[in-house]
There are 2 protein chains.
Amino acid sequence: MKPKSFAGMRCSIAGALELIGDRWALLVIRDLSLGLRRYDDLRASTAIPAATLAARLKHLTESGIVERVRYQERPPRDEYHHLTPKGRDLWKVSVALREWGDRWDASGFGAPAIEMVDRETGRPPGADARRC
Amino acid sequence: MKPKSFAGMRCSIAGALELIGDRWALLVIRDLSLGLRRYDDLRASTAIPAATLAARLKHLTESGIVERVRYQERPPRDEYHHLTPKGRDLWKVSVALREWGDRWDASGFGAPAIEMVDRETGRPPGADARRC
DNA sequence: CGGTATCCCTTTGGATACTG
DNA sequence: CAGTATCCAAAGGGATACCG
């Protein structure tokens, strides 16, 4: 079912969707903008299948939204992903989605609450819920 | 490949993506917000396969984003689709996508130009390009 | 850690045709 | 006009395993 390309549609919305890819990609972008960098962290956060995550990261890299970076030279250490300026510029899309989702309770868990978190643990005292 | 549900993620972004569905759905929403109503018009505008359009409209209806309406009682005449308030409220997402697409030339055809159009024909004099 | 490889099954895309 | 039906091929997803 080779995904039909939206290229050639003379439409910025279609073009944007084409560059982004799919819904997984938007979750990945969300997580990268929240500070996640590692492959396995992204996997854990999104529950995305390994092969699919690799494919999405590749597509996003080709779209200029994500960059791969070597983060340690000696010993040569792996790579991680982060957003390019073009990718960071997608924040308004994430915000629009989140706000709409909050207004209409898209998650079914209500709108997010503002929480105090411990600077040490980064977690609210006694809470295990997690929100994005 | 039953699309994994994003429900249960406690995330408004994931929830929003779940309710919307996929990239086709966003094109449909774009067109509905531009005033298209008829099945065949949506088909022509998006080049979406018939069965897929039907499936997306169904999903969007179940998500409360789209409504089906009988637009003529006698003779009983068909139905058309339009956005609910919840659907209309997605405009910010469309705007954010379009603006990002324009900034980074996602369509590859440059940002849209402002055009004069003839009130009769609705078309610019001598132009056949179409933008969204 | 950051992926690839493999297997299997479902859905989508694409084309075409048909119906109320 | 607004879909449904059918057929095919290919991609996605899901799980699991393996590798440098």
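Protein chains get the first letters and strands the later ones, always in sequence-line order, with residue 1 at the start of each. Since this is a predicted model, take the numbers as computed values, not measurements.
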Nearest-nucleotide comparison on DNA chain D, the residue closer to the 5′ end among A:Arg43 and A:Asp22 | A:Asp22
Think A:Arg23 forms a cation-pi with B:Phe6, using NZ or CZ under 6.0 Å from the six-ring centre and within 45 degrees of its axis?
-> yes
Mind calculating the distance between [atom1] ([X]) and [atom2] ([N]) to the nearest angstrom?
X       : N      : atom1 : atom2 : result
B:Ile48 : C:dG14 : CD1   : C1'   : 12 Å
A:Arg70 : C:dG2  : CZ    : C1'   : 11 Å
A:Lys58 : D:dA11 : NZ    : P     : 13 Å
A:Phe6  : C:dT12 : CZ    : C1'   : 12 Å
A:Leu53 : C:dA5  : CG    : P     : 16 Å
B:Leu42 : D:dG3  : CG    : P     : 10 Å
B:His59 : D:dG3  : NE2   : P     : 16 Å
B:Leu32 : D:dA2  : CG    : P     : 12 Å

Does a nitrogen or oxygen in the side chain of B:His81 sit under 4.0 Å from OP1 or OP2 of D:dG3?
-> yes
Short side-chain N/O contact to D:dG13 OP1/OP2 from A:Trp24, under 4.0 Å = yes
Would you check if the side chain of B:Thr52 reaches a backbone N or O of B:Ile48 as a donor-acceptor pair within less than 3.5 Å?
-> no
Of the options [options], whose atoms approach the side-chain atoms of [X] most closely?
X       : options              : value
A:Pro49 : C:dG3, D:dG13, D:dA2 : D:dG13
B:Arg38 : C:dC1, C:dG3, D:dA2  : D:dA2
B:Asp40 : D:dC1, D:dT4, C:dG13 : D:dC1
B:Arg68 : D:dG3, C:dT4, C:dG2  : D:dG3

Are B:Asp89 and A:Arg103 close enough for a salt bridge, meaning some N to O gap below 4.0 Å?
-> yes
Taking atom types as modelled, find out whether A:Thr61 and A:Glu67 have a side-chain donor-acceptor pair closer than 3.5 angstrom.
-> no
Specify the residue among B:Thr52 and A:Leu57 whose closest nucleotide of DNA chain C lies further upstream toward the 5′ end.
-> A:Leu57
Between A:Arg56 and A:Asp22, is any pair of side-chain heavy atoms under 4.5 Å apart?
-> yes
Assign A:Arg37 to base, sugar-phosphate, or nothing according to its heavy-atom contacts below 4.0 angstrom with the strands shown.
-> nothing
